[in-house]
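Notes for the one structure printed next.
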2 protein chains.
Amino acid sequence: MDAAPRHDTGIRRRSYGGLTEMSGFLLSLAQAHVYAADSANPQIADPGTAQISVLAVIRANPGIRHGELADMLLIKLAYLTKLLKGFEAQGWVHRRSNPSDRRTVELTLTREGEAAVDRLLPALRAQDARRQSGLTPREMAQLKRLLCKYLDIPASATTASGDDAAGSG
Amino acid sequence: MDAAPRHDTGIRRRSYGGLTEMSGFLLSLAQAHVYAADSANPQIADPGTAQISVLAVIRANPGIRHGELADMLLIKLAYLTKLLKGFEAQGWVHRRSNPSDRRTVELTLTREGEAAVDRLLPALRAQDARRQSGLTPREMAQLKRLLCKYLDIPASATTASGDDAAGSG
DNA sequence: CCCCGATCGTTTCCATGTAAATTTTCTGGC
DNA sequence: GCCAGAAAATTTACATGGAAACGATCGGGG
């Protein structure tokens, strides 16, 4: 992992030149850190974290539309279309045209898709839990709370897994 | 006039399906949020935030090598090579071969490169300052502190505002 | 010296994600 | 019914960034 400097001409203190005062820079760096760790985990690298997120949201919101999904995950419809094509080819997602508005498509997971989420999401959770860096559990909780507020999303909207309208149709 | 949904079948509470419990997901979302805002700012969208970061670090560390730079910014050497080629074409960066180790290259900014940083970095800072979301200044400072600790980098040695009294609770 | 392994930078190819334009459908005014 | 405008999804072209393989150089052992 860490190798000693082989021909170092002296300790050189490298500086970020003030970049670390900017939240945007720190978030980019943190996200890169997460990406590196996630893509090194073969359990979740295959579909990728972005794809797992899409599947998880579809499962939590059966019948969701493309636009809502893109809006929640801050990705563009164009890219979502590509992802969903892949998912359909995999047999994980079903697209049903909405008869009351034929522009829209309602997304649901197939049986196989649910099985995939059951396999992938725990692996992703485990990966995330393993990544507690140097933060204490309390600091990690604080970080999550601040990020939720930053993003203007409920801090733990789904912790209680509200089974609203589950399987009612 | 209200832009009310015209044919909504009812208020649908969309859920993230437990994703918001994961720090990695929140960081991805936050970074996407930042990216969207930054790329909408014509003052900094032209070279892009990643490029500005590279220039800022070269300026803060004249003579830095490719590998050190990639290591600090958590990007790969392969991509850094592309960026530096662009910078050289722009006349912003100078590469000097190190005579004591001819594999390595020492990077410095040209006069024009320094001018570019002088123009771009303040714009980036302003963009960042403008993005205080729903967080209070105190919460934003706390977020930065936690991210620095998360990344294991010194927490803004040059922070202008005083240290907070929050402590580590 | 020459070979061999390690390190540094580059090149090539590929995955990820966006922007702009297009298609289809819904809504409202005539 | 028909046309104009808005909204939802798709397609096409492109930018951003990584993975793997490569060439060049250093350093140590025969």
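Below, chains carry the letters A, B, ... as their sequence lines are ordered, and counting in each starts from 1.
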Tell me the interatomic distance from [X], atom [atom1], to [N], atom [atom2], rounded to whole angstroms.
| X | N | atom1 | atom2 | result |
| --- | --- | --- | --- | --- |
| A:Glu68 | D:dA7 | CD | P | 15 Å |
| A:Asp101 | C:dC26 | CG | P | 6 Å |
| B:Leu80 | C:dT11 | CG | P | 13 Å |
| B:Ile75 | C:dT10 | CD1 | P | 13 Å |
| A:Tyr79 | C:dT18 | OH | C1' | 11 Å |
| B:Lys76 | C:dA15 | NZ | C1' | 15 Å |
| A:Arg65 | D:dT10 | CZ | P | 12 Å |
| A:His66 | C:dT25 | NE2 | C1' | 15 Å |

For B:Leu83 against B:Gln51, the heavy-atom pair lying closest together: CD2-NE2, 3.5 Å
Taking every heavy atom of B:Pro122 against every heavy atom of B:Val117, the minimum-distance pair comes out as CD-O, 3.6 Å
If only side-chain N and O atoms of A:Gln51 are considered, is one of them under 4.0 Å from the OP1 or OP2 phosphate oxygen of C:dA15? no
Using a cut-off of less than 4.0 Å, is there contact between a side-chain N or O of B:Arg102 and OP1 or OP2 of D:dA24? no
Around atom CD of A:Gln43, are there more than 12 heavy atoms of other residues, nucleotides or ligands at under 6.0 Å? no
Are the side chain of B:Ser97 and the backbone N or O of B:Val105 linked by a donor-acceptor pair below 3.5 Å? no
Sorted by number, residues from residues 82-99 of chain B placing a heavy atom under 4.0 Å from DNA chain C are B:Lys82, B:Lys85, B:Arg95
Residues of residues 23-40 of chain A with a heavy atom under 4.0 Å from any atom of DNA chain C, listed by number, are none
Is there any salt bridge (charged side-chain N to carboxylate O under 4.0 Å, His left out) pair reaching into residues 115-129 of chain B, and which pairs are they, with sequence neighbours excluded? A:Glu21-B:Arg125, B:Arg59-B:Asp118, B:Asp128-B:Arg131
If you group Ile, Leu, Val, Met, Phe, Trp and Tyr by side-chain heavy-atom gaps below 4.5 Å, do B:Leu151 and B:Ile75 land in one group? yes
Single-linkage hydrophobic cluster A:Ile52~A:Tyr35, side-chain heavy atoms < 4.5 angstrom: no
Hey, which sits more toward the 5' end of DNA chain C by its nearest nucleotide, B:Val105 or A:Leu74? B:Val105
Is it the case that the base of C:dT7 and the side chain of B:Arg103 share a donor-acceptor contact (distance under 3.5 Å, atom types as modelled)? yes
Salt bridge A:Glu106-A:Arg65, side-chain N to carboxylate O under 4.0 Å: no
Residues B:Arg95, B:Glu88: salt bridge by 4.0 Å N-O rule: yes
Please tell me which of the listed nucleotides, D:dT11, C:dT11, D:dA9, lies nearest to the side chain of B:Thr81? C:dT11
